[in-house]
Amino acid sequence: MTDIAQEMENMSIKEEDKLGTGDDDFIVNPWEVVSTSATGVDYDKLIKRFGSTKIDDALIERMERVTGKPVHHLLRRGKFFSQRDMHSILDMYEQKKPFYLYTGRGPSSDAMHMGHLIPFIFTKWLQDTFDVPLVIQLTDDEKYLWKDLTLEQANHMAIENAKDIIACGFDIEKTFIFSDLDFISNSPAFYRNMCRVQKLVTYNQVKGIFGFGDSDCIGKISFPAIQASPSFSSSFPEIFNGRSDIPCLIPCAIDQDPYFRMTRDVAPRMNCLKPALIHSTFFPALQGAQTKMSASDPTTSIFVTDSDKQIKDKINKYAFSGGGATVEEHKEKGGNCDVDVAFQYMTFFMESDERLEEIKKTYTSGELLTGFLKKELIEILQKLIGEHRQRRTTITDEVVRQYMTPRKLKFDYPPPTPPSEKKKKKKHKNTKAV
Ligand code: TYM
């Protein structure tokens with residue numbers, strides 16, 4: 001066994017997890033999502049490769065039962081499809097014990113694209129439904145290390161992205177957004193957890209999980225410890241009243257899972273709780289499901305800052321069609337919803353199940369033409385992005401400052417029991433037993 005294989009085995013991470021490649025026809029890792037199939041990544045195979053658990057009807061029913069509310073359509077339609085330890089989070093909620101949400105964004109462009117919105121839209125629903133605090137990490141340090149950006153440019157993008165995130169409507173009294181570059185140097189508790197993670201993960205392990213090579217800068221090699229640390233409530237004493245035992249739930253697309261497999265592995269050795277996860281599929285590029293939307297190639301993406309005209313032009317010009325080559329052929333053979341990008345986008349953003357089903361039926365039969373499908377999608381996205389743009393204009397620098405100030409959030413966390421009290425309680429228990 002090679003050194004790396006041995007290290008991965010010790011860390012309970014399999015060799016095929018390395019870079020998310022395996023021997024299938026797709027690659028999924030934090031930097032690359034590609035598939036040779038027109039229908040995109042095989043998510044059932046990915047679940048097996050990553051060792052997560054598929055979200056089944058029983059979990060959805062339980063979520064509806066404990067919250068007394070219907071689940072979000074992204075969950076109902078399988079867009080959020082995989083999880084780790086979601087049942088433990090629901091146990092906590094049922095026992096009226098607190099948990100918190102953690103998600104993030106790597107600010108690589110001034111504007112976010114529609115794909116980036118997916119985890120934030122869902123996180124907003126989780127915050128409203130479970131009424132819990134949320135921390136959002138903006139990894140401007142990560143983008144500085146990976147991209148050709150200065151520290152100032154990366155930090156500027158973090159603040160611009162914070163405005164897009166705030167425009168999703170998070171509760172200001174229950175949400176803390178932080179830029180790594182601004183926050184970490186003033187937070188000894190966060191830095192201590194980073195050091196703990198750094199000491200527990202070897203170079204061989206990060207090399208195995210993330211594929212780092214000999215010429216990667218040392219900043220990249222230690223970065224995973226920075227993305228891991230917000231998973232522990234002890235990293236935010238100002239929010240959680242010094243408690244280290246508040247469980248964390250992380251909503252994200254499945255490309256971020258490698259960071260959290262590593263985190264879950266080190267957590268017990270740090271006397272910390274493993275974070276739970278809920279993963280989404282990828283919002284496809286305009287050209288089709290072989291890749292995800294990418295901020296660095298504007299022709300693949302619709303940005304939350306695009307004008308109505310840009311949205312219309314991009315969809316008409318680039319959105320891959322599953323329709324026939326001619327109207328006659330389309331009417332004869334029908335359209336293929338599984339590869340049609342306009343239809344796929346509707347499955348993320350159209351709320352009515354009935355209308356979606358009707359479109360699927362009439363497009364598949366050839367009755368509905370590609371042009372009509374695209375027209376309906378353009379209307380949906382212009383409305384959604386138009387409203388987002390409008391909310392963004394109301395976000396002042398002062399509002400951003402409020403969200404980004406470390407502070408107590410509106411949630412009651414009783415302080416931890418001091419060790420002397422714990423001992424007393426134990427003694428009392430023992431006495432009673434005798
Ligand atoms: P980033 O900026 O690449 O992506 C931000 C969030 O969007 C998800 N995402 C997508 N979801 C659906 N379809 C897509 N096409 C798509 N592209 C990106 C990502 O999975 C992510 O949830 N290193 C991270 C920032 C980060 C983070 C976190 C993310 C720090 N801590 C905790 C999630 C959870 C990054 O660069 O994300």
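Whatever order the structure lists them in is the order used to number ligands and atoms, beginning at 1. Position 1 is the first residue of the sequence; numbering continues from there.
The nearest heavy-atom contact from the protein to atom 17 (N) of ligand 1 is Lys292 NZ, 3.7 Å. Taking atom 19 (C) of ligand 1 as the reference point, the nearest protein heavy-atom neighbour is Asp255 OD1, 3.7 Å. Of all protein heavy atoms, the one lying nearest to atom 1 (P) of ligand 1 is Gly106 N, 3.8 Å. From the protein, the heavy atom lying nearest to atom 18 (C) of ligand 1 is His116 CD2, 3.6 Å. In terms of protein heavy-atom proximity, atom 31 (N) of ligand 1 is nearest to Tyr102 OH, 2.8 Å. For atom 24 (C) of ligand 1, the closest non-hydrogen atom of the protein is Gln256 OE1, 3.2 Å. The nearest protein atom to atom 10 (C) of ligand 1, hydrogens excluded, is given as Gly115 O, 3.5 Å; this is a heavy-atom distance. Counting only heavy atoms of the protein, atom 7 (O) of ligand 1 lies nearest to Pro119 CG, 3.5 Å.
For Ala253, a nitrogen or oxygen atom sits less than 3.5 Å from a nitrogen or oxygen atom of ligand 1, counting backbone and side chain alike. Residue-to-ligand polar distances keep Tyr259 apart from ligand 1: every N/O pair is separated by 3.5 Å or more. Looking at ligand 1, you won't find any N or O of Gly104 less than 3.5 Å from one of its N or O atoms.
For Phe183 and Phe176, the ring centers are positioned less than 6.0 Å apart.
Contacts between Thr281 and ligand 1 below 4.0 angstrom, taking non-hydrogen atoms only, involve the backbone exclusively. Counting heavy atoms closer than 4.0 Å to ligand 1, residue Gln227 contributes side-chain atoms (C-beta onward) but none from N, CA, C or O.
Not counting sequence neighbours, the partners of Arg77 by the salt bridge (Lys or Arg N to Asp or Glu O under 4.0 Å) test are Asp353.
Remark: side-chain polar atoms of Arg391 are not paired, donor with acceptor, to backbone N or O of Asp164 under 3.5 angstrom.
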